[in-house]
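Each remark here refers to the structure printed beneath this line.
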Amino acid sequence: MSDIRLLLSIRRALRRLPTDIVTPIPHAPGSIMQLNPYLNFGGRCAEAFAFYERQLGARGNGVMLFRDGPAADQVGPEMQDKVMHASLLFGDVELMGTDGDGCEAPRAAITGMHVVLSVDTPEEAERLYAVLAEGGTVEMPMAETFWARRFGMVVDRFGVPWMINCNRTPE
């Protein structure tokens with residue numbers, strides 16, 4: 001999956017949002033702004049990131065546990081070995097995660113969004129879909145659509161909603 005395709009997919013999704021809820025964020029001319037998902041895994045971040053690294057080809061970019069943070073003495077014993085912050089790289093795109101803020105109860109599921117994977121071939125779309133669907137919940141079976149050679153939606157075993165997309169080749 002190319003980094004540009006992933007970013008373009010996110011950009012297209014943002015353009016489809018109603019304009020009354022999207023406010024442009026000003027930034028310095030010539031600077032680059034990057035949008036990166038930050039997910040709360042409610043206690044399974046280390047397991048999820050190890051899975052994504054193995055199965056999706058991501059590269060680990062660091063993990064910090066609550067016990068290693070500056071406020072370790074303010075976090076309960078049940079959170080000491082949980083992930084305060086973790087980062088994975090998919091090319092130049094960063095996916096970040098946590099097990100919570102150290103004080104809250106674990107969240108049941110991530111809602112109101114999907115992480116989108118855009119790939120070049122239907123075979124790769126099918127492979128990723130199968131990997132993410134195993135132990136998860138199918139929201140929309142992988143199929144050909146009017147815009148894509150393959151498209152499917154799944155919530156993985158960690159509660160993360162995914163869309164897997166393989167666009168049609170422009171004619």
Side-chain angles (χ1 to χ4, degrees), residues 1-14 25 27 30-72 75 79-102 106-107 109-140 142 148-167 169:
M1 168 180 54
S2 88
D3 303 333
I4 298 297
R5 288 179 64 95
L6 177 62
L7 289 173
L8 289 175
S9 178
I10 292 169
R11 188 175 173 190
R12 282 191 301 273
L14 289 173
I25 301 170
H27 58 282
S31 68
I32 297 174
M33 184 185 309
Q34 200 168 18
L35 180 67
N36 301 103
Y38 201 106
L39 306 176
N40 186 325
F41 289 89
R44 297 184 70 192
C45 186
E47 180 187 357
F49 273 36
F51 177 81
Y52 300 152
E53 198 169 347
R54 271 190 329 273
Q55 299 295 332
L56 305 182
R59 183 170 44 92
N61 192 37
V63 175
M64 179 180 278
L65 302 179
F66 281 99
R67 70 167 178 238
D68 300 323
V75 176
M79 291 298 288
Q80 290 293 320
D81 291 323
K82 298 296 183 182
V83 174
M84 181 170 72
H85 173 77
S87 170
L88 284 177
L89 294 175
F90 293 80
D92 291 335
V93 176
E94 186 176 23
L95 175 69
M96 294 177 277
T98 184
D99 280 323
D101 66 8
R107 296 183 183 174
I110 297 168
T111 60
M113 58 76 65
H114 284 79
V115 178
V116 180
L117 290 175
S118 294
V119 296
D120 294 329
T121 67
E123 295 78 20
E124 182 64 355
E126 296 277 357
R127 184 189 77 78
L128 292 171
Y129 184 85
V131 163
L132 292 168
E134 186 178 325
T137 304
V138 170
E139 291 185 317
M140 180 178 174
M142 179 64 66
R149 294 187 289 169
R150 293 291 184 285
F151 178 81
M153 296 169 39
V154 63
V155 177
D156 72 17
R157 67 182 79 178
F158 306 106
V160 177
W162 295 87
M163 290 180 176
I164 297 87
N165 191 58
C166 176
N167 281 327
T169 308

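As the structure is a computational prediction, the values presented were derived from the model and not from experiment. Counting from 1, the numbers follow the sequence of the chain as shown. When reading the values below, keep in mind they use all heavy atoms of this one structure, side chains included, and skip hydrogens, waters and symmetry mates.
- Here the shortest heavy-atom pairing between Leu88 and Glu53 reads CD2-OE1, 4.2 Å.
- One finds the CG atom of Asn61 at 11.0 Å from the CG atom of Leu95 (value rounded to the nearest 0.5 Å).
- Here the straight-line distance linking atom CH2 of Trp162 with atom CG of Leu117 works out to 5.0 Å at 0.5 Å rounding.
- Contact annotation: the side chain of Phe158 never approaches that of Ile110 to less than 4.5 Å [non-hydrogen atoms, C-beta and beyond].
- Rounded to the nearest 0.5 Å, atoms CG (Leu89) and CE (Met96) are 10.0 Å apart.
- Under the 3.5 Å distance criterion, the side-chain polar atoms of Gln55 are left unmatched by any main-chain donor or acceptor of Leu132.
- Rounded to the nearest 0.5 Å, atoms CE (Met84) and CE (Met79) are 10.5 Å apart.
- Between Phe41 and Val83, the closest side-chain pair of non-hydrogen atoms is not below 4.5 Å.
- Within 6.0 Å of CD in Glu134 there are 12 or fewer heavy atoms belonging to other residues, nucleotides or ligands.
- Looking at heavy atoms from C-beta onward, Val115 lies out of side-chain contact with Phe90 at the 4.5 angstrom threshold.
- Of the inter-residue distances, the one linking Phe66 atom CZ with Asp81 atom CG reads 11.5 Å to the nearest 0.5 angstrom.
- Figure legend: cation-pi geometry between Arg150 and Tyr129 absent, as NZ or CZ is not positioned both under 6.0 Å from the six-membered ring centre and within 45° of its axis.
- The shortest distance between side-chain heavy atoms of Tyr52 and Val160 falls below 4.5 Å.
- Between the side chain of Glu139 and the backbone N or O of Val155, no donor-acceptor pair lies under 3.5 Å.
- Atom-to-atom distance recorded for Ile164:CD1 and Met140:CE is 11.0 Å, nearest 0.5 angstrom.
- Under the 3.5 Å distance criterion, the side-chain polar atoms of Glu94 are left unmatched by any main-chain donor or acceptor of Gln34.
- Of the possible donor and acceptor atoms, one in the side chain of Asp99 sits under 3.5 Å from a partner among the backbone N and O of Arg44.
- For the pair Val154 and Met142, the minimum side-chain heavy-atom distance is 4.5 Å or more.
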Residues Met163, Asn165; criterion side chain to side chain contact (heavy atoms under 4.5 Å, CB included); working and verdict: CA-CA 6 Å; Met163 290 180 176; Asn165 191 58; 5.8 Å; no

